[in-house]
Amino acid sequence: MKQKFLFVLTLLVACLAVSISPALADIDDGSKITITSPKDGAMVGDTFELTYELVKGSQAAHGHVYLDGEPQKEFSGTFEGLSKGKHEIKVQAATHDHDHLAASDSISVTVQ
C-alpha cells in the first residue's frame, strides 16, 4: 500500500512539474539581441567595450549583461580589469520589470 501511495505521489509531482515548466520559460516576444563587439573568440585586453544591438519586440526594454554567469549590475558598457583567460559574455533581453525574455546572445573572449 505504501509503495502504491509513493508511486501515485511521484506521478502527481511529475505531472505538476511538467505543467508548470512552460510558465517558467522565458517569453519569446519577437526581440533579437546581437553582440556586435567584440566578436566571438576575440583576444582582448583586460579593459574593453561591449556593444550590442537590441531589436525590441512587444515587451523588451533593455538588455541584461552577464560575465561568466554573473549579472553585471548597472553595466556601463566597459569591462575593466578582467583576469587573464577565457570569459563568457551573455546579453539577454529583459522587460521594464527586469523579467527575462527569450532573446539572448553569447560570446567567448580571451583576455591576454
*Step by step, work out the side chain to side chain contact (heavy atoms under 4.5 Å, CB included) result for L50 and V65.*
CA-CA 9 Å; L50 174 73; V65 177; 3.8 Å; yes
*Going through the distances and angles, do S104 and I33 end up as a side chain to side chain contact (heavy atoms under 4.5 Å, CB included)?*
CA-CA 6 Å; S104 70; I33 284 192; 5.9 Å; no
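Considering only heavy atoms from C-beta on, H100 comes within 4.5 Å of H64 through its side chain. For the pair L67 and F75, the minimum side-chain heavy-atom distance is 4.5 Å or more. Side-chain contact between M43 and V109 is absent, with no heavy atoms from C-beta onward closer than 4.5 Å. Using a 4.5 Å cut-off on side-chain heavy atoms (C-beta onward), D46 and E80 make no contact. Side-chain contact between F79 and V111 is absent, with no heavy-atom pair separated by less than 4.5 Å.
With side-chain heavy atoms closer than 4.5 Å counting as contact, directly or through intermediates, Y66 stands alone and belongs to no larger hydrophobic cluster.
Side-chain contact of Q92 with D26: a donor-acceptor pair under 3.5 Å is present, judged by distance alone.
Using modelled atom types, one side-chain atom of D29 and one backbone atom of A60 make a donor-acceptor pair closer than 3.5 Å. No side-chain donor-acceptor contact under 3.5 Å links Q112 to the backbone of T110. Not a single donor-acceptor pair under 3.5 Å links the side chain of E53 to the backbone N or O of T36. In terms of modelled atom types and a separation under 3.5 Å, the side chain of D28 and the main chain of A102 share no donor-acceptor contact. Under the 3.5 Å distance criterion, the side-chain polar atoms of S31 are matched with a main-chain donor or acceptor of G57.
Checking each of V91, I35, L54, I89 against D105 for a side-chain contact (heavy atoms from CB on, under 4.5 Å) leaves exactly one that passes, namely I35.
Scanning for ring pair (Phe, Tyr, Trp, His ring centres under 6.0 Å) contacts around H87 gives an empty result, with sequence neighbours left out. Residues that satisfy the ring pair (Phe, Tyr, Trp, His ring centres under 6.0 Å) test with Y52, not counting sequence neighbours, are absent from this structure.
Ring to ring, H62 and H98 are close: their centroids are under 6.0 angstrom apart.
Distance CG/D97 to CD/Q59: 9.5 Å, rounded to 0.5 Å. Atoms CD and OG, from E88 and S108 in turn, are 5.5 Å apart once rounded to the nearest 0.5 Å. Annotation: the span from S76 atom OG to E49 atom CD amounts to 8.5 Å, rounded to 0.5 Å.
Counting heavy-atom neighbours within 6.0 Å of L82 CG, excluding the residue itself, gives a total above 12.
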